[in-house]
Amino acid sequence: MTNYDVIKDTRILISGAGVAGLTTAYWLKQYGFSPTIIERASALPTGGYKIDVRGSALQVLRKMGIYNAVATAGTDMQGAILVDKKGRTIGKMSGDAFGHRTGDDLEILRGNLCQILMDQIPDVEIIFGDNIQNISQYTDKVEVTFQKNKSREFDFVVGADGLHSNTRQIVFGDEAQFSHELGLYLCVYTVPNYLNLDRLEMQYSELGRVAAIWSSRGESTAKACFGFTAPTKIDLNDRVQQQQDLKKIYEGIDWEVPRLFQLMPDSPDFYFDAAAQIHMDQWHNNRVVLLGDAAYCASPMSGQGTSLAIIGAYILAGELAVASGNHQVAFNEYELQMRHFVKLNQALGITAANTMKSQGKNNFIIWVLMKLMRMMPGSLIKFIINLSTKRINQAANAIVLKNYK
Ligand SMILES: Cc1cc2nc3c(=O)[nH]c(=O)nc-3n(C[C@H](O)[C@H](O)[C@H](O)COP(=O)(O)OP(=O)(O)OC[C@H]3O[C@@H](n4cnc5c(N)ncnc54)[C@H](O)[C@@H]3O)c2cc1C
């Protein structure tokens with residue numbers, strides 16, 4: 001039987017006000033816990049890149065009563081135009097087909113989803129602009145010191161602070177132990193919507209190099225996006241070098257690429273990172289537990305990071321409630337339920353990355369692919385997208401959620 005007196009007095013610190021952190025706070029609050037969020041950014045970031053919510057994660061949005069709000073605030077992408085190196089149209093797809101969405105699947109800007117989630121937790125304490133500095137664990141509590149605020153005691157800490165998690169670094173050790181780079185880089189930045197795209201995406205793709213520009217519903221600007229393999233490692237801390245390398249790697253592609261590179265230095269939000277997954281044998285250490293990208297990042301290549309974050313949050317909070325705050329029971333059960341689901345969804349990212357990296361490999365299938373790419377590039381791209389939609393859909397639905405309330 002759930003002990004509500006224990007739950008009421010249980011203080012839980014969540015590091016990160018992203019999708020995972022905000023969803024966890026919502027469910028913890030629903031069950032009567034006292035969550036507090038600490039977020040490094042000075043305010044909730046708005047806009048951002050497009051993310052998908054699919055499969056079983058949609059059930060969580062429905063249980064939260066926000067499915068319609070997310071759908072209404074969705075990107076409403078009407079279509080995608082596939083282009084060749086010269087910018088000539090080689091194929092067209094609907095927005096949903098291009099984004100691997102089936103049925104009720106949704107797409108929304110990351111910041112807009114976070115805003116909707118934050119609107120659901122008006123009575124949760126959120127501290128912006130600060131970081132956890134240290135976590136000391138005791139048998140009955142944790143003591144947390146912050147960079148700016150005074151230290152405080154909590155019962156548990158949830159690390160939902162993303163791929164480069166601070167909580168993981170403090171409690172579990174160096175990121176390099178857990179990070180598996182997929183051999184691809186991703187770059188996204190805002191540009192003026194000079195093509196007047198209206199809920200439309202344009203994309204150039206070949207094995208090893210993808211370039212895209214899109215603008216979604218309500219955006220006055222557009223986003224430039226590049227996903228590519230590189231012959232040598234790129235320094236993730238050197239922006240000038242990154243921008244120079246990008247230009248070299250995309251040499252020979254005309255279309256809008258030179259223009260997008262001209263706009264790159266003035267972009268307000270240049271994002272550049274290696275696509276990576278997080279693989280850990282255990283997501284909890286005594287009173288600290290990891291969630292979302294911090295624990296099991298599947299990479300943007302999987303298209304499933306957001307759904308994994310939402311489902312993980314739902315299960316973690318639900319299991320803590322069922323176990324009346326017994327963290328050992330709850331954290332074990334959370335891992336037990338999530339492990340297989342995470343593995344299936346991480347496999348999507350690995351397959352997508354391997355396809356991108358296959359150029360130049362000497363085998364028959366790649367030879368056929370390259371041949372087809374030259375003969376009918378638009379049809380081949382559509383075929384590959386449709387094939388991966390089936391796999392994503394299967395993986396996105398491969399978990400049965402319990403009813404906790
Ligand atoms: C370019 C790009 C494209 C993507 N496309 C898709 C897609 O199409 N579909 C999809 O499902 N997923 C996509 N993803 C992945 C998706 O964004 C993540 O998987 C998902 O947001 C995971 O949520 P999270 O809350 O675990 O982590 P995050 O969204 O990374 O949130 C972590 C939060 O923690 C905060 N934080 C970081 N460090 C600290 C700290 N030290 N202290 C306190 N707070 C901190 C951050 O500011 C952030 O608010 C994409 C990601 C990127 C980068």
Between E125 and T36: side-chain donor-acceptor atoms closer than 3.5 Å:
yes
Are any side-chain N or O atoms of N393 and backbone N or O atoms of T389, one a donor and one an acceptor, separated by less than 3.5 Å?
no
Note: E333-K402 ion pair, threshold 4.0 Å (strictly below):
yes
Which distance, rounded to the nearest 0.5 Å, do you find between the CG of L184 and the CE of M356?
5.0 Å
Under the 3.5 angstrom rule, does the side chain of E335 hit a backbone N or O of H284 as a donor-acceptor pair?
yes
Partner set under ring-ring contact (aromatic ring centres under 6.0 Å, His included) for H327, not counting sequence neighbours
F156, F331
Would you find a donor on one side and an acceptor on the other, under 3.5 Å apart, between the side chain of S15 and the backbone of T167?
no
More than 12 heavy atoms of other residues, nucleotides or ligands under 6.0 Å from CG of D123: yes or no?
yes
Please assess L22 against L44 for the test side chain to side chain contact (heavy atoms under 4.5 Å, CB included), listing each intermediate value before the final yes or no.
CA-CA 11 Å; L22 293 164; L44 200 71; 4.2 Å; yes
Going by distance alone, is a donor N or O of one side chain under 3.5 Å from an acceptor N or O of the other, for D155 and T10?
no
Donor-acceptor check, side chain of E175 to backbone of I278, threshold 3.5 angstrom: yes or no?
no
Taking the side chain as C-beta and beyond, is there a heavy-atom pair between I51 and I108 under 4.5 Å?
yes
Do the side chains of Y185 and I234 get nearer than 4.5 Å, heavy atoms only?
yes
Output all residues satisfying ring-ring contact (aromatic ring centres under 6.0 Å, His included) with F226, sequence neighbours left out; order by chain, then residue number.
Y250, F261
With N386, which residues qualify under side-chain contact (heavy atoms from CB on, under 4.5 Å), at least two apart?
M93
Less than 3.5 Å apart, which donor and acceptor atoms pair up between the side chains of residues 58-67 and the rest of the protein, not counting sequence neighbours?
{"residue": "R62", "atom": "NH2", "partner": "D104", "partner atom": "OD2", "Å": "2.8"}
{"residue": "K63", "atom": "NZ", "partner": "N403", "partner atom": "OD1", "Å": "2.4"}
{"residue": "Y67", "atom": "OH", "partner": "D104", "partner atom": "O", "Å": "2.7"}

Let me confirm one number: the CZ-CG distance from R391 to N345, rounded to the nearest 0.5 Å.
10.0 Å
Can you confirm whether F270 sits close enough to Q243 that some side-chain heavy atom of one is under 4.5 Å from a side-chain heavy atom of the other?
yes
What residues, two or more places apart in sequence or in another chain, satisfy side-chain hydrogen bond (donor to acceptor under 3.5 Å, both in side chains) together with D119?
Q115
Please check this pair: side chain of D130 against backbone of N149, looking for a donor-acceptor N/O pair closer than 3.5 Å.
yes
Audit row: K85, D254, side chain to side chain contact (heavy atoms under 4.5 Å, CB included) steps and yes/no
CA-CA 6 Å; K85 279 183 186 171; D254 297 337; 5.8 Å; no
Test item: D161 and R40 side chains (from C-beta on) under 4.5 Å apart, heavy atoms
no
Going by atom types alone, do Q78 and D76 pair a side-chain donor with an acceptor below 3.5 Å?
yes
Locate the shortest heavy-atom distance separating G292 from A20; write the atom from each residue and the value.
CA-CB, 4.2 Å
d(K357 NZ, F228 CZ) to nearest 0.5 Å is 14.0 Å
Heavy-atom donor-acceptor pair, S179 side chain to A176 backbone, under 3.5 Å:
no
Any pair counted as ring pair (Phe, Tyr, Trp, His ring centres under 6.0 Å), so long as it reaches residues 288-320, sequence neighbours left out:
W27-Y314, W283-Y296, Y314-Y404
Quick one: does L106's side chain get under 4.5 Å of L113's, heavy atoms only?
no
Residues at least two apart in sequence or cross-chain that pass side-chain contact (heavy atoms from CB on, under 4.5 Å) with I350, listed by chain then number, are L182, Q277, N354
So how far is it from L82 CG to M202 CE, rounded to the nearest 0.5 Å?
9.5 Å
Enter the distance from T24:OG1 to I14:CD1 here, rounded to the nearest 0.5 Å.
5.0 Å
My understanding is that only residues two or more places apart in sequence, or in another chain, count here; which of them pass side-chain contact (heavy atoms from CB on, under 4.5 Å) with D273?
L163, H164, L236, Y271
Apply side chain to side chain contact (heavy atoms under 4.5 Å, CB included) to residues D174 and Q169 and explain how you reach the verdict.
CA-CA 5 Å; D174 205 20; Q169 183 79 29; 3.2 Å; yes
With heavy-atom distances below 4.5 Å as the criterion, would you say the side chains of T102 and D105 are in contact?
yes
Would you mind reporting whether F272 and R239 have side-chain heavy atoms less than 4.5 Å apart?
no
Using the test ring-ring contact (aromatic ring centres under 6.0 Å, His included), find all partners of Y194 that sit at least two apart in sequence or belong to another chain.
none
Sub-3.5 Å donor-acceptor pair from the side chain of N131 to the main-chain atoms of Q133, do we have one?
no
So, do H100 and D52 sit near enough that their side-chain heavy atoms are less than 4.5 Å apart?
no
Pairing residues for T190 by the side-chain contact (heavy atoms from CB on, under 4.5 Å) criterion, not counting sequence neighbours:
T221, K223, S267, P268, D269
I'd like to check the side-chain hydrogen bond (donor to acceptor under 3.5 Å, both in side chains) partners of R287; sequence neighbours left out, ordered by chain and number.
none
Enter the distance from I392:CD1 to S302:OG here, rounded to the nearest 0.5 Å.
7.5 Å
Taking the side chain from Y189 and the backbone from L260, do they hold a donor-acceptor pair closer than 3.5 Å?
yes
Whether N166 side chain and I132 backbone form a donor-acceptor pair below 3.5 Å:
yes
Would L320 and I12 count as a side chain to side chain contact (heavy atoms under 4.5 Å, CB included) here? Give the steps.
CA-CA 11 Å; L320 269 169; I12 302 177; 4.1 Å; yes
ring-ring contact (aromatic ring centres under 6.0 Å, His included) partners for H279, two or more places apart:
H180
Applying the salt bridge (Lys or Arg N to Asp or Glu O under 4.0 Å) test to D96, which of R199, R101, R54 qualifies?
R101
